[in-house]
Amino acid sequence: MKNYSSENIRNIALLGHGGCGKTTFLEAALVATGAISRMGKVEDGNTVSDFDKIEIEKGYSISMSIVPVEYNKVKINFLDTPGVFDFVGEVNSAVRAAEAAAIFVDASSGIQVGTEKAWSVCQKFGVPRFFVINKTDKDNVDLDSVIEALKEKFGTSVVTLDDEDALMEAIAETDEELMEKYFEGEAFTDEEFNSGLMNGIASGDICPVMTCSAIKGDGVKEVLDNCLKYVPKAGGEVQTEDGETVAYGDGPMAAFVFKTIADPFLGKISLVKVIRGKITPAMAAYNTNANKEEKLGSVFFLRGKTQGEAPEVKSGDIVALAKLQFTQTGDTLCEKAAQVKFPKIEFPQATLFTAVEPKAKGDDAKVAAGIAKLKEEDPSFTYERNVETKQTLLGTQGDLQAGVLLAKLKDRYGADIETVPQKVAYRETIKGTSDVQGKHKKQTGGSGQYGDVYIKFSPSQEEFEFADETVGGCVPKQFIPAVEKGLRECMEKGPLAGCKCQNIKAVLYYGSFHAVDSDEMSFKIAASLAFKKGIVAAKPCLLEPIMHLEITVPDDYVGSVMGEMSTRRGRILGMDPLPGGGQKLIAEAPQAELFDYALGLRSMTQGRGSFVMNFDRYEELPKMLADKVIAEHQAEEDK
């Protein structure tokens, strides 16, 4: 593959609902430009951009892939992204490396959820965009109605390139002088028209609509022509974390890693957008995130899984670097003498958590190694141990992403894990007071053990509060810390269901000791005996975690989402209208009722709803539910 300078490079992310034909379009574009001789098919598993074994099995994209198309002395780096909502992290990575996005629309289906989500992503990150209405060859397609629907949904910025009146109006709205000229009925000069159109597209104020039938090859070259003509060239400026700007072009090398591929055979491959300067094999690069120097090895272009030699890669282009030691997705590579750091990629918060454990005992190390590799490839998921429930939780955007991760883990790394019911990290506390004695006395011949404490227990606003109110040395001062330590250790496991305790005050006010047999361990044991008696006598109860939710939904679904929340023992606290339509619902509900909320909300809103959730506080668990939790714990203890 040839080397190209930035004025002859276009970087375009392909977005849109699953099944709208993004992957097929790339096949058609490669055939049209002579890169391949025949089109592959998604259903046959032989396309250039869907090459992963699991993608072939499932019949849809799960990872972003790069497919460069060389056309009329210009290189268009297409970044093909999954249309499945679970893999939005891949979309965010692709958009970060692109100067524009092509939102594909199935002509027979019209606007779908994925269309709306793609538009929202472009708006959020300020990416110029255009629509490609694909599958125009299908029966009963009404192209005009699809275009009108796009205009109605996304505004007057949506225009077809052959509608001169609409184009003139859209161009006029990008500039005050042009607007004045337009209202006075004056015609734009060719220069004003072309520059106004280009500026409008670059700013996102104009969104052109193109059409094609990728499966038949109709209109594909016209789309490519328009990409060359209207898509912004690779260039401009990129802001650093410090608020400075780095301009594309010549200068000290600076590049951004926007994607990592964990290839089981080739090892780690880092996909890099060159911002400034150039990259060559064997050059030294400094990672400003890891504060480590990397020695670059193989440098190559990718087209799907096919590699092409890259002796030199210039500003604006995208390249693959093999086996970098310290570098991760979101890192910056640059020359050590001219250090910069670009902002990390923004990934969405995980919303579905699945409890998992290895199927085979002793596979923990294998699972951990596999997860670390997958985490390099997909930073959008989480994998964390909950110390209270002693469960490992896989956090994803949905069940499809979770399923793919488990499949990759088994297929690539031989680590088989299974899902198990998720537990709630309940807490225990007291509602009343108690006054108890804890006495530990043991005589075994020779020196024995003796510790004796009197402790009052009561509720507290603090997690744990300890006070020493003894007088006269009834408990020697050197043993007081042992009493407190014994109580704190007991706080980790309450008497009701073995849960961590909180909001308890303990006052040591009296005790006794033995001059020979008393020691720290004896008083520590005495304190634990007092704790177990005292908590049971002070009206103990279970607490459950209450979560705070911010739920974003279109207006049409507000009623059903609000009603459904009450079935989860939740309540709506407030509602705020969003700019551009929709509502943000503020709600709270017990965590136990929200394990599947990501799936429930998606089903209720046809994928249009989203939410973020954070822990808020603990509240008393209703007695009927508490009795069930306690009984289950007792049954486990009796096993």
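In this structure, T160 and L167 approach most closely via the heavy-atom pair O-CG, 3.8 Å. For the pair T288 and V340, the tightest heavy-atom approach, listed with the atom from each and the gap, is OG1-O, 2.9 Å. What you find for M64 and A94 is that their closest heavy atoms are SD-CB, 3.3 Å. Residues V127 and A101 share a closest heavy-atom pair of CG1-N, 3.8 Å. In terms of heavy atoms, S63 sits closest to P82 at N-CG, 3.7 Å. Counting all heavy atoms, side chain and backbone alike, F193 lies closest to F188 at N-CB, 4.2 Å.
Taking CD1 from I206 and CG from N199, the interatomic distance works out to 9.0 Å, rounded to the nearest 0.5 Å. Separating the CG atom in L26 from the CE atom in M39 is a distance of 10.0 Å, to the nearest 0.5 Å. Remark: E222 CD to D225 CG distance equals 6.5 Å, nearest 0.5 Å. One distance of note links CG of L406 with NZ of K408; it measures 11.5 Å at 0.5 Å rounding. A distance of 11.0 Å separates CD1 in I76 from CG in N8, rounded to the nearest 0.5 Å. Here the straight-line distance linking atom OG1 of T329 with atom CD of E376 works out to 8.0 Å at 0.5 Å rounding.
With K273 contributing its side chain and A97 its backbone, the two residues share a donor-acceptor pair below 3.5 Å. Under a 3.5 Å cut-off, the side chain of R96 and the backbone N or O of F125 do not form any donor-acceptor pair. Side-chain N or O atoms of S61 include none that pairs as donor or acceptor with a backbone N or O of T81 at under 3.5 Å. Judged by distance alone, the side chain of K336 and the main-chain N or O of A285 form no donor-acceptor pair under 3.5 Å. Put simply, the side chain of N194 gets close to the backbone of D190: a donor and an acceptor are under 3.5 Å apart. Looking only at distances, a side-chain donor or acceptor of E27 sits under 3.5 Å from a matching main-chain atom of G40. Although no hydrogens or angles enter the test, the distance criterion places no donor-acceptor pair under 3.5 Å between the side chain of E180 and the main chain of E177. Side chain of N72 to backbone of V74: no donor-acceptor contact under 3.5 angstrom is found. Checking side-chain atoms of E384 against main-chain N and O of T392 turns up no donor-acceptor pair under 3.5 Å. Between the side chain of N11 and the backbone N or O of A98 there is no donor-acceptor pair closer than 3.5 Å.
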Residue pair V132, I103: steps toward the side-chain contact (heavy atoms from CB on, under 4.5 Å) verdict: CA-CA 6 Å; V132 178; I103 303 175; over 6 Å; no

After noting the C-alpha distance and the side-chain angles of S380 and V88, does the key distance pass the side-chain contact (heavy atoms from CB on, under 4.5 Å) rule? CA-CA 8 Å; S380 72; V88 66; over 6 Å; no

I'd like to know whether Q339 forms a side chain to side chain donor-acceptor pair (under 3.5 Å) with T332, so could you lay out the CA-CA distance, the side-chain angles of the two residues, the decisive distance to 0.1 Å, and finally the verdict. CA-CA 9 Å; Q339 294 184 29; T332 299; over 6 Å; no

Could you go step by step and tell me if S65 and D80 meet the side-chain contact (heavy atoms from CB on, under 4.5 Å) rule? CA-CA 5 Å; S65 60; D80 189 19; 3.8 Å; yes

List the steps, then state whether side-chain contact (heavy atoms from CB on, under 4.5 Å) holds for F131 with W119. CA-CA 10 Å; F131 285 109; W119 180 272; 3.6 Å; yes

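Side-chain contact check for I551 versus K584: every heavy-atom pair is 4.5 Å or farther apart. Inter-residue side-chain proximity for F347 and I345 is flagged as met; some heavy-atom pair is nearer than 4.5 Å. Residues V367 and D364 form no side-chain contact, since every pair of their non-hydrogen atoms from C-beta on lies 4.5 Å or further apart. Using a 4.5 Å heavy-atom threshold, the side chains of L15 and V91 count as touching. Annotation: side chain of H17 is not in contact with side chain of F104 (no heavy-atom distance under 4.5 Å). The shortest side-chain heavy-atom distance between L400 and I62 does not fall under the 4.5 Å cut-off. Residues I12 and L79 fail the side-chain proximity criterion, which asks for heavy atoms closer than 4.5 Å. Contact check for S315 versus D250: no side-chain heavy atoms found under the 4.5 Å cut-off.
With sequence neighbours left out, D331 forms a side-chain hydrogen bond (donor to acceptor under 3.5 Å, both in side chains) with N287, K344. Residues forming a ring-ring contact (aromatic ring centres under 6.0 Å, His included) with F326 (at least two apart in sequence, or on another chain): none. E90 pairs by the side-chain hydrogen bond (donor to acceptor under 3.5 Å, both in side chains) definition with K259, not counting sequence neighbours.
Summarising the local packing, CD of E176 is surrounded by 12 or fewer heavy atoms from other residues, nucleotides or ligands at distances under 6.0 Å. Annotation: Q349, atom CD; neighbour count of heavy atoms from other residues, nucleotides and ligands within 6.0 Å is above 12. Few gaps surround CZ on R385; more than 12 heavy atoms of other groups in view lie less than 6.0 Å from it.
Residue pairs meeting the salt bridge (charged side-chain N to carboxylate O under 4.0 Å, His left out) criterion with at least one partner in residues 314-329, sequence neighbours excluded, are K75-D317.
Side-chain contact annotation: E7 with S5, donor-acceptor N/O pair under 3.5 Å present. Under the 3.5 Å distance criterion, with hydrogens and angles disregarded, no donor-acceptor pair is assigned to the side chains of N386 and Q391. Side chains of E550 and N614: a donor-acceptor N/O pair is absent below 3.5 angstrom, by distance only. S270 and T327 form no side-chain donor-acceptor contact under 3.5 Å, judged by distance and modelled atom types alone.
The pair R276-E335 does not meet the salt-bridge criterion, since no charged nitrogen lies less than 4.0 angstrom from a carboxylate oxygen. Of the charged side-chain nitrogens involved, none lies within less than 4.0 Å of a carboxylate oxygen, so that K366 and D416 do not count as a salt-bridged pair. For K268 and E377, the salt-bridge test fails: no basic side-chain N is under 4.0 Å from an acidic carboxylate O.
Remark: K373 fails to qualify as a cation-pi partner of Y413 under the 6.0 Å distance and 45° angle criteria applied to the six-membered ring.
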Output a table of donor-acceptor pairs, distance under 3.5 Å, between side-chain atoms of residues 299-311 and any protein atom two or more places apart or on a different chain; print 'none' if there are none.
from	atom 1	to	atom 2	distance (Å)
R303	NE	P68	O	2.9
R303	NH2	P68	O	2.9

Tell me which donor-acceptor pairs under 3.5 Å the side chains of residues 230-242 have, and how far apart each pair is, sequence neighbours excluded?
from	atom 1	to	atom 2	distance (Å)
T240	OG1	D242	N	3.3
T240	OG1	E244	N	3.2
T240	OG1	E244	O	3.4

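Note: F25 and F78 have perpendicular aromatic rings, judged against thresholds of 30 and 60 degrees for the angle between ring planes.
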